[in-house]
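Okay, so here's the structure we're looking at.
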Amino acid sequence: MRCWPAVLCAVLVAGTADAQQSRPDLDARVAAGDSAFAAERHADAFAHYDAVVRTDSAYSTRALFRVGVLHSWANRFAPAVSALRLYVRLEPADLEGRIALGRTHAWANQFPEALAQYDTVLQRAPQYRDAVTGRATTLAWSGRLAAADSALTAWLVAHGDDVAAWTQLAQFRRWEGNTRGADAAVREALRRRPDDPEARLQ
């Protein structure tokens with residue numbers, strides 16, 4: 001059996017060894033996980049998805065993806081990264097998997113790894129909003145505020161109606177100590193959407 005990097009190998013081996021459970025049982029587990037996830041019963045959803053992944057890590061990539069996401073939401077970053085790395089290997093065309101992996105790395109303060117994932121997405125889809133804004137946020141969190149400002153400003157040149165990006169830019173500028181620039185960004189957000197709650201809060 002071909003094995004991926006060591007951090008994922010134990011998951012794959014364990015899944016292969018236990019993969020005698022019937023496929024209908026796994027389908028039922030995935031369906032139960034989907035129902036719980038839709039109802040925001042995340043602990044129940046995780047239990048169902050995790051049972052599927054532990055039985056056969058490649059059986060349902062949706063279950064694998066959501067195991068990674070739910071781990072990351074609970075600040076369990078090491079298993080989140082492991083699950084999402086495997087997901088990216090199994091579903092290389094799904095850029096959302098790389099976005100989730102990049103976001104998890106950023107939350108774990110693994111900034112070079114996060115930027116690498118976002119850059120990979122942007123090489124394939126330069127206008128992928130979540131990659132642009134996620135990369136800018138990662139730059140800001142890593143202390144590269146001028147670079148974060150430049151990245152988001154460049155995005156807004158072509159996407160001026162992105163009110164959330166204007167408020168994000170205002171936040172970056174506040175962190176920089178650029179109060180005048182922050183005020184200008186907030187005013188631009190409110191000019192475009194006067195009732196935007198985040199812009200009004202800022």
Side-chain angles (χ1 to χ4, degrees), residues 4 34 37-38 60-73 77 80-176 178 180-202:
W4 283 292
D34 291 345
F37 191 86
S60 168
T61 53
R62 182 169 69 256
L64 180 63
F65 177 82
R66 287 183 173 170
V67 162
V69 168
L70 290 166
H71 271 311
S72 70
W73 288 355
F77 298 127
V81 166
S82 294
L84 290 170
R85 279 179 177 166
L86 178 54
Y87 178 83
V88 165
R89 288 182 178 275
L90 294 174
E91 299 284 359
D94 184 5
L95 298 183
E96 190 59 32
R98 289 191 179 275
I99 294 291
L101 180 54
R103 185 181 299 119
T104 300
H105 277 306
W107 287 350
N109 296 327
Q110 298 166 353
F111 301 127
E113 294 87 346
L115 291 171
Q117 295 301 323
Y118 289 129
D119 286 344
T120 298
V121 173
L122 291 170
Q123 287 170 5
R124 301 182 190 180
Q127 300 302 307
Y128 202 120
R129 183 192 184 279
D130 286 352
V132 172
T133 58
R135 184 179 184 277
T137 298
T138 301
L139 288 169
W141 288 353
S142 66
R144 298 166 61 184
L145 289 165
D149 188 315
S150 295
L152 213 51
T153 298
W155 168 260
L156 286 163
V157 168
H159 304 86
D161 289 334
D162 190 340
V163 171
W166 282 110
T167 58
Q168 188 176 9
L169 180 61
Q171 186 175 60
F172 294 167
R173 289 176 173 175
R174 282 206 315 276
W175 293 347
E176 286 183 278
N178 179 3
R180 180 173 295 180
D183 181 68
V186 169
R187 288 179 182 277
E188 187 63 29
L190 289 172
R191 184 180 73 80
R192 294 171 183 273
R193 190 182 301 159
D195 61 346
D196 183 77
E198 180 62 26
R200 292 178 66 85
L201 178 64
Q202 291 203 37

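Everything numeric here is computed off the predicted structure, so don't read it as measured data.
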For residues [X] and [Y], report the shortest heavy-atom separation together with the two atoms involved.
| X | Y | answer |
| --- | --- | --- |
| Ala151 | Ala136 | CB-CB, 4.4 Å |
| Trp175 | Ala140 | CZ3-CB, 3.8 Å |
| Asp162 | Leu156 | O-CD2, 3.7 Å |
| Ala185 | Arg173 | CB-NH1, 4.2 Å |
| Ala170 | Val186 | CB-CG2, 3.4 Å |
| Ala182 | Arg174 | CB-CG, 3.6 Å |

Arg200 atom CZ, over 12 foreign heavy atoms within 6.0 Å = no

CZ (Arg144) with more than 12 external heavy atoms under 6.0 Å | no

List the steps and the verdict of side-chain contact (heavy atoms from CB on, under 4.5 Å) for Leu84 and Gln117.
-> CA-CA 11 Å; Leu84 290 170; Gln117 295 301 323; over 6 Å; no

Do [X] and [Y] have side chains that get closer than 4.5 Å, going by heavy atoms?
| X | Y | result |
| --- | --- | --- |
| Arg135 | Thr133 | no |
| Asp196 | Trp166 | no |
| His159 | Arg129 | no |

Side chains of Glu91 and Thr61: is there a donor and an acceptor less than 3.5 Å apart?
-> yes

Under-4.0 Å salt bridge between Arg191 and Glu188 | yes

Does the distance from a Lys or Arg side-chain N to an Asp or Glu carboxylate O, for Asp183 and Arg187, drop under 4.0 Å?
-> yes

Which of parallel (below 30°), tilted (30 to 60°) and perpendicular (above 60°) describes Trp107 and Phe77?
-> tilted

How many angstroms lie between atom [atom1] of [X] and atom [atom2] of [Y], to the nearest 0.5 angstrom?
| X | Y | atom1 | atom2 | value |
| --- | --- | --- | --- | --- |
| Thr138 | Trp141 | OG1 | CH2 | 6.5 Å |
| Arg98 | Asp130 | CZ | CG | 15.5 Å |
| Leu90 | Phe65 | CG | CZ | 13.0 Å |
| Thr167 | Leu190 | OG1 | CG | 9.5 Å |
| Gln171 | Asp149 | CD | CG | 12.5 Å |
| Asp94 | Arg62 | CG | CZ | 12.5 Å |

Chi angles and distances behind the side chain to side chain donor-acceptor pair (under 3.5 Å) call for Tyr87, Glu96 = CA-CA 10 Å; Tyr87 178 83; Glu96 190 59 32; over 6 Å; no

Do Leu139 and Phe111 pass the side-chain contact (heavy atoms from CB on, under 4.5 Å) test, and can you show the C-alpha distance, the side-chain angles, and the key distance before you say yes or no?
-> CA-CA 8 Å; Leu139 288 169; Phe111 301 127; over 6 Å; no

With distance as the sole test, does Arg103 use its side chain to make a donor-acceptor pair with the main-chain N or O of Gly134 at under 3.5 Å?
-> no

Checking Ser150 side chain against Ala147 main chain: does a donor-acceptor pair fall under 3.5 Å?
-> no

Report the C-alpha separation of Arg66 and Asp34 in whole Å, then their side-chain angles, then the decisive distance to 0.1 Å, and conclude whether the side-chain contact (heavy atoms from CB on, under 4.5 Å) test is met.
-> CA-CA 9 Å; Arg66 287 183 173 170; Asp34 291 345; 3.2 Å; yes

